Engineer: 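What follows is a single structure, and I will ask about it in a moment.
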Protein chains: 2
Amino acid sequence: MTSYYSEYKKAFVSVDCIVFGFEERKLKVLIGKRKLDPGRDEWSLYGGFVGENESLDDAASRVLLNLTGIKKPYMKQVGAFGEINRDPGERVISVAYCSLINVKDYDSNLLKQYGVEWVNIDELPQLYSDHNKMVKHAITMLRQRIDDEPLCFNLLPELFTLTQLQRVYEAILGKEIDKRNFRKRVKAIEIIEQTALIDKQSSKRGAALYRLNKKAFANEN
Amino acid sequence: MTSYYSEYKKAFVSVDCIVFGFEERKLKVLIGKRKLDPGRDEWSLYGGFVGENESLDDAASRVLLNLTGIKKPYMKQVGAFGEINRDPGERVISVAYCSLINVKDYDSNLLKQYGVEWVNIDELPQLYSDHNKMVKHAITMLRQRIDDEPLCFNLLPELFTLTQLQRVYEAILGKEIDKRNFRKRVKAIEIIEQTALIDKQSSKRGAALYRLNKKAFANEN
DNA sequence: CCAAAAGTGTTCCGTCTACACCCATGG
DNA sequence: CCATGGGTGTAGACGGAACACTTTTGG
């Protein structure tokens, strides 16, 4: 094996995943207690090292598939974190990825299996290493993107009511939105379509169920 | 030395810098011919490996200081690039950084010393590895940020005319802007202040020179 | 005297915001 | 019958876009 760069030091490279979910009007993140040293028992994001034969994106996909059982979740790179002593063990460069999933699709057995839980973003404990910083970046990114890109659907089931969709926006933006203005806007975007179905869970009257219009969505992206 | 993660493979980690400049109404990037194998003589961004005792940001700062002679240029991380075979030599994870500098400040001796040159962003040749992708990301980032953050000043001398500032916006956005609307906007932001000085280079009549109001700027950031 | 760039306001239109009431129904 | 959430329209404010002419002066 040739070694073009042998005069330089290598480093461990990992990915850490900020998995967002939505429940009870709140934006949540999956975190768990670390099972390894260093940092055993500290709260932490879920991550993994990047293998020899996988790209960064592949590594993140693998980690997310393990953790959530979802094949192709919505996923974006947040950035690379590389302070010298960010990991108390050794020099590790970590690339953070953020992902949005629908909590209802999430097999809650996995919660136990991986020892992770959903925690409200405004009630996060102190996390291992620089993971709080990663979450903060990810939330900033979400807020910036929400206007440009229809990403809220990833946090909802296939069928959803307009009120649910509004709650997601409110949770991400951290403020209340006017109902009529909200509905006007989302209907103008024409990326969702009403179904004939009615949801009777949330109210006595029942609310129309909508779904993402995938053709319109594909045109947008 | 303890080795917590010894079962995993390490990788080389590098930084690559997209250095933007502005001249003759055009946004430009510093690129040069690679002097090393693999990829010797291909056009390439300027970069370097991340040392044992420096963070990613530090490595980028070091590389930029070398290349430009500027201590603390405006600098932002673009993202991490980690395809398996992105580097023909070995597995290298690279973190791209973008930077904005004022071409007039740039010591043009360094151009020769490092064998780099300013190339219009719309006339880029094919670059080494995934460097074209990095530049594309960086430009997208610039365009998104330009409205939120006053970053154009970094591409101009300390004193500049409103027309020059407008040219920078036009170069970044890739379209012409209405002069009156532009002036109205920038004056409303109140982050620049007029000086008593007049620039006679660009026109016979002369144009008022402005400068960044650093107090206002600090409040914004 | 004229070419070339600097400088300056107003109108229009579309978008965002604020705001309040009736509807349907399960319990 | 009433509490609960679903559903709807309008008016005013605001911000962005279009648009043309006068000024100055070096050559």
Side-chain angles (χ1 to χ4, degrees), chain A residues 22-26 143-150 152 156-157 159-211 220, chain B residues 22-26 143-150 152 156-157 159-211 220:
Chain A
F22 173 76
E23 222 176 15
E24 291 163 32
R25 297 193 173 202
K26 295 282 189 181
R143 289 196 177 139
Q144 281 179 1
R145 268 175 203 260
I146 194 174
D147 291 321
D148 305 330
E149 194 186 342
C152 291
L156 290 171
L159 296 174
F160 52 86
T161 69
L162 292 179
T163 301
Q164 283 176 296
L165 185 61
Q166 185 177 342
R167 298 285 177 250
V168 174
Y169 273 87
E170 291 174 338
I172 293 179
L173 295 174
K175 64 175 185 197
E176 297 200 346
I177 303 173
D178 179 84
K179 187 170 33 158
R180 280 174 289 189
N181 292 338
F182 179 77
R183 284 165 184 245
K184 218 185 311 167
R185 268 214 322 272
V186 297
K187 286 183 178 176
I189 306 178
E190 288 187 340
I191 207 168
I192 59 173
E193 55 190 15
Q194 190 168 353
T195 67
L197 305 168
I198 303 287
D199 170 76
K200 304 281 285 184
Q201 311 284 106
S202 56
S203 79
K204 303 177 176 175
R205 174 174 172 181
L209 284 164
Y210 287 73
R211 95 173 106 216
E220 294 285 319
Chain B
F22 173 76
E23 222 176 14
E24 290 164 34
R25 298 194 173 201
K26 295 282 189 180
R143 291 196 176 139
Q144 282 178 3
R145 270 175 200 258
I146 195 174
D147 291 322
D148 305 331
E149 195 185 341
C152 291
L156 290 172
L159 295 174
F160 51 86
T161 68
L162 292 179
T163 302
Q164 282 177 296
L165 185 61
Q166 184 178 344
R167 299 286 178 250
V168 173
Y169 273 86
E170 290 174 336
I172 293 179
L173 296 174
K175 64 175 184 197
E176 296 200 346
I177 302 174
D178 179 84
K179 188 170 36 158
R180 279 173 291 188
N181 293 336
F182 179 77
R183 284 164 183 244
K184 218 186 310 166
R185 267 213 324 272
V186 298
K187 287 184 177 174
I189 304 176
E190 289 188 340
I191 208 169
I192 59 173
E193 56 188 17
Q194 190 168 354
T195 68
L197 305 169
I198 303 287
D199 170 76
K200 304 283 283 184
Q201 310 284 106
S202 57
S203 78
K204 302 177 176 174
R205 173 174 172 181
L209 283 164
Y210 287 74
R211 95 174 105 215
E220 295 284 316

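Lettering of chains follows the sequences in order, A, B, ..., and the numbering in each one begins at 1. In this text, all values refer to a predicted model and were calculated from it rather than measured experimentally.
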Engineer: Output yes when a side-chain donor or acceptor of T161(B) lies under 3.5 Å from a complementary backbone atom of A207(B), and no otherwise.
Structural biologist: no
Engineer: Send over the distance from Q166(A) CD to dT8(D) P, rounded to a whole Å.
Structural biologist: 13 Å
Engineer: Provide, to the nearest angstrom, the distance between the CD atom belonging to Q164(B) and the C1' atom belonging to dA6(C).
Structural biologist: 13 Å
Engineer: Go along nucleotides 14-27 of chain D 5' to 3' and tag each nucleotide: B for a protein heavy atom under 4.0 Å from its base, S when only backbone or sugar atoms are that close, - otherwise.
Structural biologist: ---BBBB--BBBB-
Engineer: Just the rounded figure in Å: distance from C1' of dT25(C) to CG of D199(A).
Structural biologist: 14 Å
Engineer: Starting at CG of D178(A), measure out to CZ of R185(A) and round the result to the nearest 0.5 Å.
Structural biologist: 9.5 Å
Engineer: Without decimals, in angstroms, what is the distance between F160(B) CZ and dA6(C) P?
Structural biologist: 14 Å
Engineer: For ring-ring contact (aromatic ring centres under 6.0 Å, His included), just list the numbers for Y169(B) and F182(B), CA-CA rounded to whole Å, side-chain angles, deciding distance to a tenth of an Å, and then say yes or no.
Structural biologist: CA-CA 9 Å; Y169(B) 273 86; F182(B) 179 77; 5.3 Å; yes
Engineer: Between dG5(D) atom P and E176(A) atom CD, what is the distance in whole Å?
Structural biologist: 14 Å
Engineer: Provide, to the nearest angstrom, the distance between the CZ atom belonging to F182(A) and the C1' atom belonging to dC19(C).
Structural biologist: 18 Å
Engineer: Could you tell me the separation between the NZ atom of K187(B) and the C1' atom of dT8(C), rounded to a whole number of Å?
Structural biologist: 8 Å
Engineer: How close or far is atom P of dG7(C) from atom CZ of R183(B), stated in whole angstroms?
Structural biologist: 5 Å
Engineer: A quick test of your reading: do over 12 heavy atoms of other residues, nucleotides or ligands sit less than 6.0 Å from CD of E193(B)?
Structural biologist: yes
Engineer: Checking side-chain contact (heavy atoms from CB on, under 4.5 Å) between N181(A) and each of K179(A), R183(A), K184(A), which is the one that passes?
Structural biologist: K184(A)
Engineer: Which is true for T161(B) with a 4.0 Å heavy-atom rule: it touches a base, it touches only sugar-phosphate, or it touches nothing?
Structural biologist: nothing
Engineer: With a 4.0 Å limit, can you tell me whether S202(B) has a side-chain N or O closer than that to the phosphate oxygens OP1/OP2 of dA5(C)?
Structural biologist: no
Engineer: Can you see which heavy atom on I172(B) is nearest to which on R143(B), and at what distance?
Structural biologist: O-NE, 2.7 Å
